[in-house]
Amino acid sequence: MALATKPSLPAHRRIWKAPITTAWWIWLIVSLLLYGIVYAVYLVAIKNQSFPGPFNDPLRSFGILSFLLVLSTAAYSLRRRFARGLPGMARDWLWMHTWLGITALLIAFLHENYSHILHNYCQSVSCLTQSYWGTSALLALLFLVLSGIFGRLLDSWQARVIASDASMNGVGIARALEEHILELEYTVERLSAGKSEQFKAFCLQALEAPGSLPSKMPMLEAGENVDFQHAYETLTARASLEQSLQKQKRARLIIRSWRAVHNVLACLALLIILFHGVMELLINVLHLIKPL
Ligand code: HEM
Ligand code: HEM
């Protein structure tokens with residue numbers, strides 16, 4: 001039977017190869033330039049100001065900039081899920097997501113002059129809630145960005161696991177494997193039809209235990225040897241493909257689990273950052289509401 005694979009291309013090129021595109025460079029250069037400029041302004045400020053901190057500009061504006069960068073980073077979700085018509089490939093948006101996310105964190109460090117991170121360490125839990133949860137916002141962003149970096153590494157590692165398995169199993173990725181395994185099972189069923197009870201029991205036992213074959217050989221009746229040999233080879237091939245399928249499924253599950261964790265972290269972090277950013281904007285920047 002024809003399988004749903006395209007043997008003309010190596011599996012890793014067909015499925016997983018995500019090359020570094022121009023977008024990778026563009027967003028890296030934009031981020032480096034932005035951070036370079038902000039850092040230069042920061043150096044001048046800490047040299048000239050007696051108490052450089054998030055209350056005064058320019059460090060306060062760094063908070064606003066970091067806030068905007070966090071929102072831009074989160075816009076990736078918009079492109080991926082809700083507004084797929086937006087220009088550019090999702091992969092290019094992911095590079096924007098990656099570099100702007102890291103830059104947002106680096107600028108947030110400058111916003112509060114590394115307080116609670118490199119000096120002036122938190123002594124009590126109230127430190128997390130003062131300044132409208134400023135420190136919590138920073139820590140949430142830190143964990144989110146670390147989770148993003150970890151996830152990207154995990155993603156490329158697991159993608160490599162799938163690619164190398166797909167190129168070695170002779171069939172390809174999970175869907176093709178499932179179809180091929182089904183085809184092998186039909187073959188075994190055809191071969192065992194009308195055969196002795198032991199022949200059938202052996203095949204059934206092998207089909208019920210994916211990935212392995214029963215160790216005890218059946219007592220065959222006369223004339224069954226050739227078909228049994230064929231069935232045995234088919235079952236062996238199926239067991240090996242089953243192992244390959246399990247390996248690929250495990251790799252996908254690892255990637256999916258990480259995504260779920262990153263998504264939950266992103267929602268929590270965005271809530272805290274939004275709270276801090278909006279409160280500070282309303283109270284200390286626009287003076288629209290008075291502090292309690
Ligand atoms: C609209 C954007 C933002 C504005 C206007 C802003 C403004 C401020 C101001 C005025 C303060 C000090 C005043 C106070 O004690 O209330 C502050 C503190 C702080 N902000 Fe922001 N900020 C913004 C975004 C951010 C972001 C995105 C982060 C990090 C994710 C952040 C992290 C912090 C931290 C860690 C502190 C110091 C908290 C402390 O020492 O207790 N800010 N911010
Ligand atoms: C401001 C910081 C960040 C925010 C707010 C954020 C938020 C998000 C959100 C909401 C998603 C889910 C997208 C969706 O499925 O709709 C996501 C996915 C993802 N993020 Fe982040 N993230 C941040 C930083 C990072 C960083 C620094 C990296 C990598 C170094 C990263 C890597 C990823 C990856 C690989 C995905 C999965 C992409 C996909 O499955 O299409 N994130 N992020």
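For the single chain, residues carry numbers from 1 onward in sequence order. Just so it is clear, the values below take in all heavy atoms, side chains as well, and ignore hydrogens, waters and symmetry mates. All values derive from a computational prediction rather than experimental measurement.
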Heavy-atom check, side chain of Asp57 versus side chain of Arg60, under 4.5 Å: yes

Let me check something: do Met168 and Leu245 share a hydrophobic cluster, defined by ILVMFWY side-chain heavy atoms less than 4.5 Å apart, either directly or through other members? no

Which heavy-atom pair separates Leu141 from Ser66 by the least distance, and what is that distance? CD2-OG, 4.3 Å

Out of curiosity, does Leu146 fall in the hydrophobic cluster containing Leu138 (side-chain heavy atoms, cut-off under 4.5 Å, transitive links)? yes

Quick one: do Leu34 and Leu69 satisfy side chain to side chain contact (heavy atoms under 4.5 Å, CB included)? Show the steps, please. CA-CA 11 Å; Leu34 183 62; Leu69 287 173; 4.0 Å; yes

What is the minimum heavy-atom distance between Gly53 and Leu59, and which atoms define it? O-CB, 3.2 Å

Is the number of heavy atoms from other residues, nucleotides or ligands within 6.0 Å of CE (Met217) greater than 12? yes

Minimum heavy-atom distance Val70-Ala104, with the two atoms named: CG2-CB, 3.9 Å

Quick one: does Leu207's side chain get under 4.5 Å of Glu185's, heavy atoms only? yes

If the plane angle is over 60° it's perpendicular, under 30° parallel, otherwise tilted; pick one for His97 and Tyr76. tilted

Surrounding OH of Tyr114 (heavy atoms of other residues, nucleotides or ligands, distance under 6.0 Å), is the total greater than 12? yes

Is there a path of hydrophobic side-chain contacts, each under 4.5 Å between heavy atoms of I/L/V/M/F/W/Y residues, joining Ile149 to Leu100? yes

Using modelled atom types only, decide if a donor and an acceptor are shared between the side chain of His119 and the backbone of Asn113 within a distance under 3.5 Å. yes

Name of the residue among Gln248, Arg250, Lys249 meeting side chain to side chain contact (heavy atoms under 4.5 Å, CB included) with Ile162: Gln248

Hey, quick one: are Leu106 and Leu43 part of the same hydrophobic cluster, counting side-chain heavy atoms closer than 4.5 Å, chains of contacts allowed? yes

Show the nearest heavy-atom pair for residues Met96 and Ser72, with the distance to one decimal. CE-O, 3.5 Å

Within the distance-only criterion (no hydrogens, no angle test), does the side chain of Ser167 pair as donor or acceptor with the backbone N or O of Ser164 below 3.5 angstrom? yes

Cluster overlap Ile117 with Tyr121, hydrophobic side-chain contacts below 4.5 Å: no

Does the side chain of Leu142 come within less than 4.5 Å of Phe109's, by heavy atoms? yes

One pair to check against ring-ring contact (aromatic ring centres under 6.0 Å, His included): Trp24 and Trp99. What are the steps and the verdict? CA-CA 8 Å; Trp24 191 90; Trp99 289 123; 5.6 Å; yes

Locate the shortest heavy-atom distance separating Val161 from Ala251; write the atom from each residue and the value. CG1-CB, 4.4 Å

Atom CG in Leu204, atom CD in Glu189: separation rounded to 0.5 Å? 9.0 Å

With a 4.0 Å cut-off on N to O distance, would you call Asp155 and Arg152 a salt bridge? no

Quick one, Ile173 and Leu177 - any side-chain contact, counting heavy atoms below 4.5 Å? no

Roughly how far apart are Phe62 CZ and Glu112 CD, rounded to 0.5 Å? 12.5 Å

Students often mix this up, so state it plainly: with edges at 30° and 60°, are the rings of Tyr39 and Tyr35 parallel, tilted or perpendicular? tilted

Check for a donor-acceptor pair, side chain of Ser192 on one end and backbone N or O of Cys203 on the other, with a separation under 3.5 Å. no

Does Arg238 pair with Glu183 as a salt bridge, N-O distance under 4.0 Å? no

Whether the side chain of Lys200 engages the backbone of Ser196 through a donor-acceptor N/O pair (distance < 3.5 Å, no angle test) should be reported. no

What distance separates Ile37 CD1 from Leu32 CG, expressed to the nearest 0.5 Å? 11.0 Å

Quick one: do Tyr42 and Ile107 satisfy side chain to side chain contact (heavy atoms under 4.5 Å, CB included)? Show the steps, please. CA-CA 10 Å; Tyr42 164 80; Ile107 293 179; over 6 Å; no

Strictly distance-based, threshold 3.5 Å: is any side-chain N or O of Arg79 a donor or acceptor partner for the main-chain N or O of Gly88? yes

Contact between Asn169 and Ser240 at the side-chain level, heavy atoms closer than 4.5 Å - yes or no? no

Kindly say whether Asn120 contributes a backbone atom to a donor-acceptor pair with the side chain of His116 at under 3.5 angstrom? yes

Do Trp133 and Ile273 come close enough that some side-chain heavy atom pair is under 4.5 Å? no

Kindly compute the distance separating CG (Leu86) from CZ (Arg80), expressed to the nearest 0.5 Å. 14.5 Å

How long is the gap from CE on Met279 to CG on Leu274, to the nearest 0.5 Å? 12.5 Å

Smallest heavy-atom separation, Ile255 atom then Ala159 atom, equals CD1-N, 4.5 Å

Can you find a heavy atom in the side chain of Trp95 that is under 4.5 Å from one in the side chain of Ile26? no

Under the side chain to side chain contact (heavy atoms under 4.5 Å, CB included) criterion, do Leu144 and Leu270 qualify, and how do the steps go? CA-CA 10 Å; Leu144 181 59; Leu270 280 171; 5.7 Å; no

Take the angle between the ring planes of Phe228 and Phe199 and call it parallel below 30°, perpendicular above 60°, tilted in between. perpendicular

Step by step, work out the side chain to side chain contact (heavy atoms under 4.5 Å, CB included) result for Leu184 and His180. CA-CA 6 Å; Leu184 294 178; His180 200 98; 3.8 Å; yes

Report yes or no: does Thr98 contribute a side-chain atom to a donor-acceptor pair with the main-chain N or O of Leu94 at less than 3.5 Å? yes

Residue pair Glu224 / Glu221, side-chain heavy-atom distance below 4.5 Å: yes

Euclidean distance, Ile254 CD1 relative to Arg252 CZ, rounded to 0.5 Å: 12.5 Å

